[in-house]
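Here's the structure, in structure tokens; my notes come after.
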Amino acid sequence: MKTKGVSNQEIAGVFDEMAGLLEAKGDSIFKIRAYQRAARVIEGLPGSLEEAVAAGEELKGLPGIGEAIRGKIHEYVTTGRVSALEKLKAEMPDGVLQLMNVPGIGPKTAMLIAREAGVSTVEGVEKAIADGRLQKLPRMGEKTAENILRNIRTLRTKDRRIPLGRAMPVVERIMADLRERCPALEKITPGGSVRRWQETVGDIDMMATTDDPEQAVKAFVGLPYVTRVLGKGVKKTSVILDNGLQVDLRIIDKESFGAMLQHFTGDRQHNIQLRDYANSMGLSLSEYGITDMKTGRMEKFTEEEAFYRRLGMDTPTPEIRHARGEIELARRHALPRLVEVGDIRGDLHMHSDWSDGRAPIEVMLEAAEEAGYQYVALTDHSSGRGIANGLTEERLRSQIGILRSMRGMAMKVLCGSEVDIRADGTLDYPDEVLAELDVVVASVHSAMGQSSEKMTERIIKAMRNPHVTVIGHPTTRLLGSREPVQADMEALFRAAVETGTAMEINASPERLDLNDTHVMRAKELGAPLVISTDSHSTGSLEKLRYGVAVARRWWCEARHILNTLPLEDFMAFIKTPKPERMRVFNQRLGG
DNA sequence: GCCGTTTTCGGCCCGACTGTTTTCAGTCG
């Protein structure tokens with residue numbers, strides 16, 4: 001079958017567009033939700049939908065995707081268009097979807113503006129407000145116009161989402177400051193994407209209990225780095241910080257804290273699915289508790305676990321609450337025990353001031369030992385193109401000498417290197433040098449614009465090198481600043497299994513590379529995964545938790561992660577010649 | 001539009017806040 005080369009993301013985009021237009025049209029809210037739900041399901045699919053269609057698969061059994069949507073997927077994949085969408089576009093005024101992107105402009109307002117004021121662009125909205133035309137429309141006034149205008153401005157200036165690693169310190173600071181300024185504050189905790197450890201955060205949700213909500217709200221809006229108050233109530237208050245981040249604070253009775261925690265941790269799809277399930281039991285869920293729909297009586301919960309228990313299920317850890325099967329497993333009491341920070345026995349990617357790190361070798365190693373590791377690999381950069389003060393063969397040999405003669409460490413120190421994978425797939429050091437190392441992390445640092453075919457071939461060539469232990473930050477992406485390289489990840493994971501090469505989950509919050517979806521597929525195919533910090537200073541060692549969260553989000557257990565192996569087993573792994581390593585990995589970790 | 005150990009038809013998650021209104025629609029999460 002001839003196909004057009006469309007990604008799952010694009011297909012999901014079609015249904016989001018459908019949903020948006022139907023919303024503006026005022027169509028059935030349930031039909032709209034069905035399209036949105038389908039879009040979310042499609043986004044979360046592991047394999048390519050296009051390939052599935054090309055292979056003649058029926059697409060049956062995908063939740064939320066029935067006859068009609070199936071047909072549209074098929075149409076889009078084979079023809080590159082969806083006639084229903086085009087028809088819809090034709091009957092709707094131009095620009096409605098664009099207008100709906102502005103916070104404060106929903107489907108109704110977008111239609112009103114487009115139809116009555118003949119405006120189809122965001123710039124047009126600004127003009128209409130300046131003219132006073134918009135304010136004259138029904139249910140529009142000065143305040144609404146002012147709000148929209150401000151939202152347009154923030155939309156232009158602010159970065160849409162920030163890495164979790166930047167949001168977390170903000171959360172910690174707010175918690176500390178509120179505790180200090182509001183003695184009546186009892187519990188306070190983040191919810192939403194922060195609590196779920198998502199890689200990026202759009203805004204921050206916080207939850208609190210207190211006997212004095214007014215005092216808490218006053219303290220909150222009075223924080224010195226709050227620049228704007230979006231809304232203020234005793235239950236919900238929203239502010240914008242000087243760094244552009246929006247923070248919502250919700251306050252609730254302590255009897256309902258567990259219910260609220262559940263409610264505002266989400267994600268959205270998890271909650272929808274959970275409420276759907278509760279409905280089938282005759283129960284209705286809200287942030288206040290669980291209501292028996294027959295008697296109308298509400299039960300409150302101080303603890304989240306009790307809330308889930310009332311529904312007859314275990315509590316899925318927040319990281320996996322994204323409606324991808326966790327509810328079903330929780331009901332069957334079959335949730336896996338996910339890998340934890342404490343399971344990691346060694347860090348396999350770390351730099352010293354010999355290359356671009358900030359601390360001397362001894363300082364880095366002492367910090368690692370303090371962190372409780374059984375082993376650590378020091379992996380300074382190879383000489384490459386002279387970047388990052390890479391080590392010449394000579395300096396590398398001298399570093400090896402120092403490390404091998406080190407005494408007095410309880411932790412095993414492994415000699416390693418982060419070796420450049422050159423544009424043609426060869427490595428910076430010759431094989432006889434690599435052979436002297438215990439751990440070789442091979443990474444791409446240059447020629448990132450290569451075609452997918454070339455890049456895939458390049459990385460696989462590095463994997464075939466008998467001395468390469470791990471592929472470092474496989475896609476090289478930097479959150480918010482550098483796109484991932486083009487590569488056939490599926491092929492890389494298969495090559496990892498075939499060659500006995502591990503794939504890194506780089507825990508640096510700016511990288512998180514592999515990401516959670518990659519991890520899911522790698523795990524499925526049985527590729528060994530490694531979680532490393534890529535530390536350039538002692539402070540980065542604690543960033544391990546971000547990498548562990550990536551693994552947890554797609555249900556990795558300790559057995560999927562190579563560096564959860566105790567020292568003896570890990571040594572057995574690296575001492576075994578390469579393709580054979582898979583046997584060791586599968587034996588020691590039980591695949 | 002999807003879905004069904006209640007159903008192939010009739011349901012579909014739930015509440016807070018704002019602004020423009022005299023009782024609520026619209027938006028958001």
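The sequence lines fix the lettering, A, B, ..., with proteins before strands; numbering per chain opens at 1. Side-chain atoms are counted along with the backbone in the values below, which use heavy atoms only and exclude waters and symmetry mates.
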H560(A)-W554(A) aromatic ring centre distance below 6.0 Å: no
Partners of R115(A) by side chain to side chain contact (heavy atoms under 4.5 Å, CB included), sequence neighbours excluded? P93(A), M111(A)
Need one value for I29(A): base, sugar-phosphate or nothing, where a base atom within 4.0 Å counts as base even if backbone is also close, heavy atoms only. nothing
Paired nucleotide for dG29(B) [Watson-Crick or G-U wobble; both distances under 3.5 Å]: dC14(B)
Can a donor-acceptor pair be found between the side chains of T317(A) and E319(A) at a distance below 3.5 Å? yes
So what does R250(A) hit on the nucleic acid, given a heavy-atom distance under 4.0 Å: a base, only sugar-phosphate, or nothing? nothing
Work out how far the P atom of dG11(B) is from that of dA16(B), and round it to whole angstrom. 25 Å
Among side-chain atoms of D242(A) and T227(A), is any donor-acceptor pair under 3.5 angstrom? no
Let's see if you can work this out: which of dG1(B), dG26(B), dG15(B) has an atom nearest to the side-chain heavy atoms of S286(A)? dG15(B)
Check: L512(A) and N506(A) side chains under 4.5 Å, non-hydrogen atoms: no
Contact class for Y288(A) (heavy atom, under 4.0 Å): base, sugar-phosphate, or nothing? sugar-phosphate
Among the nucleotides dC14(B), dC17(B), dG1(B), which one has an atom lying closest to any side-chain atom of K236(A)? dC17(B)
With the side chain counted from C-beta on, respond yes when I11(A) and I73(A) share a heavy-atom pair under 4.5 Å apart, and no when they do not. yes
Under 4.0 Å between any heavy atoms, over every strand shown, what does V41(A) touch: base, sugar-phosphate, or nothing? Just pick one. nothing
Any luck finding a side-chain donor-acceptor pair between Q269(A) and N271(A) under 3.5 Å? no
Reckon F30(A) touches a base, only the sugar-phosphate, or nothing at all at heavy-atom distances under 4.0 Å? base
Please enumerate all protein N or O atoms sitting under 3.5 Å from an N or O of nucleotides 18-21 of chain B, with distances to 0.1 Å.
from, atom 1, to, atom 2, distance (Å)
dT18(B), OP1, K232(A), N, 2.9
dG19(B), O3', T144(A), OG1, 2.9
dG19(B), N2, R139(A), NH2, 2.8
dT20(B), OP1, G141(A), N, 2.9
dT20(B), OP1, G141(A), O, 3.4
dT20(B), OP1, E142(A), N, 3.4
dT20(B), OP1, T144(A), N, 3.4
dT20(B), OP1, T144(A), OG1, 3.1

Picking from dC2(B), dG26(B), dG29(B), the nucleotide nearest the side-chain atoms of R268(A) would be dG29(B)
Whole Å only: how far is the CG atom of D248(A) from the P atom of dC17(B)? 11 Å
Considering only side-chain heavy atoms of K235(A), which listed nucleotide, dA16(B), dT27(B), dG29(B), is closest? dA16(B)
Given side chains that start at C-beta, do those of K254(A) and K187(A) come closer than 4.5 Å, heavy atoms only? no
Roughly how many Å is it from CZ in F15(A) to C1' in dC2(B), rounded to a whole number? 13 Å
Between the protein and nucleotides 3-11 of chain B, which nitrogen or oxygen pairs come in under 3.5 angstrom?
from, atom 1, to, atom 2, distance (Å)
dC3(B), OP1, G64(A), N, 2.6

Return yes if a side-chain donor-acceptor contact under 3.5 Å exists between D267(A) and H270(A), otherwise no. no
